[in-house]
Amino acid sequence: MDKIVCTCGNVNPAGTLLCESCGRPLNKETADKKLVDMRYEGSARRSQTYNKTIIDKVWNFFSSVKVGVWLIVLILVAASIGTILPQVFYVPATTEEDIAAYYERIYGTFGTLYYKLGLSDLYSSWWFQGLIGMLGISLIIASLDRVIPLYKSLKKQKTKRHFSFLKRQRIYGIGNIENGEESISKAEEKLKTMRYNVKREGNALLAERGRFSRWGPYINHLGLILFLFGVMLRALPGFYVDETMWLREGETLYIPKTDGYFLESKEFIYETYSKEESEEVFGDAIDRVGTIAKNYQTNVVLHKGPEGAVAGHLEDLTFEKEAAIQVNKPLKFDNFSVFQMDFRLDELASMTFQLQDKETAESFGEFTINLADPKPVYELSDDAKVEILDYYADFTGFEDGVPQSQSPLPNNPAFLVKMYTPEFPKGETSFVMIKETLEPLGENQHKLAFQSVETRDVSGLTVRKDLTLPILMLGGLIFMIGVAQGSYWNHRRIWIQQLEDGQVVVAAHTNKNWLSIKRDMDAVSEVANLPKYEDQQDEDSKAEKEEGV
Amino acid sequence: MAQSKKKRFYIRTAILAVLTIAIVFTIYSNVTKEKNAVLRVGDKAPDFALVDLEGNEHRLSDYKGEGVFLNFWGTWCKPCATEMPAMDNQYHVYKDQGVQTLAINIGESQLKVNSFKNSHGLTFPIAIDQNKSVMQSYNIAPLPTTFLINPEGRIEKIIKGEMTEQDIADFMEQIKPS
């Protein structure tokens with residue numbers, strides 16, 4: 001395609017509708033219209049002009065605003081479908097089968113369908129992220145394709161425009177004025193006091209204000225692109241961590257994804273409001289639901305492993321700090337935050353038994369088993385001891401005579417023990433469960449009498465690190481600046497020109513807020529003798545209405 | 001004219017290529033994230049040091065030049081219990097050929113792991129990951145999970161779920177130093 005040379009001598013890129021310099025319409029279609037479309041200053045959006053290679057076709061696809069709008073609509077619809085049922089992230093199950101079963105159990109056939117279609121993990125699906133990615137490409141290409149030609153043509157625009165350009169402006173007036181030149185000078189003075197940027201070229205004048213508002217949409221897109229870039233960074237290791245950990249009172253665990261940090265739980269605190277202290281605020285609610293939570297808190301100690309240490313060791317930890325983690329008051333270190341998210345109360349921690357004679361209830365002594373770390377032997381006295389042969393933390397029953405445990409959590413502890421007493425130095429075997437005892441090798445004379453349990457609480461903590469937040473915030477800020485720039489300012493231009501035949505032409509254009517530019521024109525007309533202007537669009541609509549009637 | 005057309009073609013191709021690569025990379029790493037998080041085949045296996053039930057320290061970096069068959073397990077996990085006798089057999093076959101077997105239990109009590117070891121007659125080294133730091137650095141989700149680590153200290157393969165004795169033999173063969 002060739003460049004278009006305008007009668008005025010300016011060479012315009014192919015596809016230009018209005019000469020960048022003088023404003024003459026450059027093709028018949030534009031010339032036939034009564035008003036010009038000023039959206040992109042009649043500049044050549046390059047996408048519209050070249051369409052040869054595949055690259056051009058792809059480029060043009062993404063440059064289209066129509067495509068962009070469709071992408072937004074698709075994302076909107078998809079994102080809202082993802083809110084119909086809870087996403088897998090919120091489902092209390094970990095394996096694929098459990099998750100599938102959960103959806104079926106709670107939501108029936110629809111749930112199964114929802115899960116099978118992958119809608120239960122919609123936001124991390126490749127196609128949803130693909131849509132977001134395409135929107136990102138669309139934002140970049142559509143902006144590039146518009147902002148560059150727009151910038152060029154606004155920079156190139158001449159003070160003196162061709163009559164054919166002026167008469168196609170929405171606000172337009174023409175007339176014979178005495179002392180045209182003097183009027184233009186008066187107008188120039190007035191426009192300057194109104195903070196217009198005025199250029200004068202002989203008997204032509206261009207007053208311009210707020211051009212920078214034209215960049216608003218592009219600044220706004222820049223913010224969005226930065227935002228998407230920030231979200232994209234989350235995929236890179238080291239930028240974003242979101243992990244959960246269950247920490248029992250007294251336990252010290254490695255904090256996932258950190259550089260050698262360990263967390264020890266001293267205590268979990270769960271407090272509720274008492275009726276006395278909060279009668280006024282929560283009185284009714286307490287009557288209705290029983291309890292109102294006041295505080296969820298984990299008192300922790302942060303430790304750090306030695307520099308350069310490898311995973312595995314608990315020794316040589318150095319104390320970093322003590323902290324109380326409460327809801328919304330996380331423990332912070334090294335860009336990480338540890339939040340209080342969940343809890344389980346009263347997990348079994350230890351059990352105390354007494355070795356006694358079944359008939360006489362004579363005691364040989366008591367011992368306490370720490371369920372997290374049972375000892376092989378508990379010595380009660382010189383000639384009485386209990387040996388723990390095996391331990392089943394979460395006992396579920398026997399399979400072919402072998403006791404089974406379904407998890408390492410002490411939900412239902414059971415022990416295979418051997419009891420040594422003076423009478424039975426070779427020991428009696430017993431299988432001790434909660435509230436029940438089996439004697440697999442024949443009846444015993446002694447038993448382990450259950451005395452008491454101690455429990456401990458478990459804190460559910462979330463470990464989070466997000467280095468992309470500053471980028472997201474900056475993106476958001478730039479977005480808002482762009483919005484403000486485009487909304488609260490507008491680009492106004494007023495052309496005043498004396499034609500060769502002596503007539504004076506006024507024309508004006510603004511990208512929004514036409515009332516204000518009319519007021520500006522009126523203010524100028526008060527001091528300068530100018531032809532009366534008309535709003536040609538209003539005229540048109542009036543004419544249409546009259547025809548219609 | 002032809003010059004500028006060429007330039008336009010290259011600029012557009014470059015911009016589209018950069019954007020496509022960025023998006024494909026993002027989607028790829030997001031989609032594979034849940035499955036094996038950070039560790040992938042070919043990565044350097046994270047170093048660790050654990051003391052086994054016999055009191056011997058095993059530091060992964062000490063086994064450089066040997067293959068390491070690293071198995072994560074728990075006593076409550078049925079497939080773990082099934083595959084362990086087979087592992088023990090192959091341990092004896094390959095231990096003198098430069099393949100070290102190491103089973104890491106996830107934070108259970110000494111007593112329980114010992115009784116399990118004795119009742120199944122296991123002889124390969126077993127260590128307990130008390131603070132779950134080794135488990136975290138290897139991103140273990142389901143049990144059993146087995147890592148094949150080659151003599152260069154890189155991850156050769158990640159196996160989730162139960163293995164047959166034949167599998168185990170093949171895997172050990174795969175990481176045997178040549």
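Side chains included, hydrogens not; waters and symmetry mates left out as well; all remaining heavy atoms used. Just so we're on the same page: letters track the sequence lines, and every chain starts at 1.
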J.: Do you know which two heavy atoms are closest between Leu16(B) and Ile137(A), and how far apart they sit?
T.: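 Closest approach of Leu16(B) to Ile137(A): CD2-CG2, 4.4 Å.
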J.: Write down the atom of Arg8(B), the atom of Asp56(A), and the distance for their closest heavy-atom approach.
T.: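 The answer is NH2-OD2, 2.9 Å.
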J.: Which pair of non-hydrogen atoms, one from Ser133(B) and one from Phe262(A), has the smallest distance, and what is that distance?
T.: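 Shortest heavy-atom contact: CB-CE2, 4.4 Å.
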J.: Decide yes or no on side-chain contact (heavy atoms from CB on, under 4.5 Å) for Lys112(B) and Tyr392(A), but give the supporting numbers first.
T.: CA-CA 8 Å; Lys112(B) 181 71 212 177; Tyr392(A) 307 91; 3.5 Å; yes
J.: So how far is it from Trp126(A) CH2 to Thr26(B) OG1, rounded to the nearest 0.5 Å?
T.: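 One gets 15.5 Å once the value is rounded to the nearest 0.5 Å.
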J.: Shortest non-hydrogen contact from Leu253(A) to Gln130(B)?
T.: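 Looking at all heavy atoms of both residues, the closest pair is CD2-O, 4.1 Å.
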J.: Ignoring hydrogens, what is the shortest heavy-atom contact between Ala372(A) and Ser109(B)? Give both atom names and the distance.
T.: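 Smallest interatomic distance, heavy atoms only, reads O-CB, 3.3 Å.
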J.: Distance from Trp76(B) atom CH2 to Ser407(A) atom OG, nearest 0.5 Å?
T.: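 Rounded to the nearest 0.5 Å, the CH2-OG separation comes out at 8.0 Å.
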J.: With only heavy atoms counted, which part of Glu264(A) is less than 4.5 Å from chain B, the side chain, the backbone, both or neither?
T.: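 Nothing of Glu264(A), per the 4.5 Å heavy-atom cut-off to chain B.
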J.: Where do Ile23(B) and Ile132(A) land on the side-chain contact (heavy atoms from CB on, under 4.5 Å) test, with the steps shown first?
T.: CA-CA 9 Å; Ile23(B) 288 163; Ile132(A) 303 275; over 6 Å; no
J.: Side chain, backbone, both or neither: which part of Ala127(B) has a non-hydrogen atom closer than 4.5 Å to chain A?
T.: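 Answer is neither: Ala127(B) stays 4.5 Å or more from chain A.
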J.: Rounded at 0.5 Å granularity, tell me how far CD in Glu108(B) sits from OH in Tyr391(A).
T.: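 Answer for the CD-OH pair, Glu108(B) versus Tyr391(A), is 9.0 Å.
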J.: At what distance, to the nearest 0.5 angstrom, does CD1 of Ile11(B) lie from CH2 of Trp59(A)?
T.: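 Going from CD1 on Ile11(B) over to CH2 on Trp59(A), the span is 8.5 Å.
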J.: Tell me, for Phe25(B) versus chain A, whether the close heavy atoms (under 4.5 Å) come from the side chain, the backbone, both or neither.
T.: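 Only the side chain of Phe25(B) comes within 4.5 Å of chain A.
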J.: Among Pro376(A), Pro256(A), Gly305(A), which residue has the highest count of heavy-atom pairs closer than 4.5 Å to chain B?
T.: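 Sorted descending by pairs with chain B, the first entry is Pro256(A).
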J.: Mind checking the OG1-CZ spacing from Thr53(A) to Phe9(B)? Nearest 0.5 Å is all I need.
T.: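 The distance works out to 5.0 Å.
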J.: Going from CG on Leu19(B) to OG on Ser138(A), what distance comes out if it is rounded to the nearest 0.5 angstrom?
T.: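 Going from CG on Leu19(B) over to OG on Ser138(A), the span is 11.0 Å.
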J.: If I compare all heavy atoms of Asp373(A) with all of Gln110(B), which pair ends up nearest, and what's the gap?
T.: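 Answer, listing the atom of Asp373(A) first, then Gln110(B): OD1-N, 4.1 Å.
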J.: Between Ile106(B) and chain A, with a heavy-atom cut-off of 4.5 Å, which part of the residue counts as in contact: side chain, backbone, both or neither?
T.: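 Answer is neither: Ile106(B) stays 4.5 Å or more from chain A.
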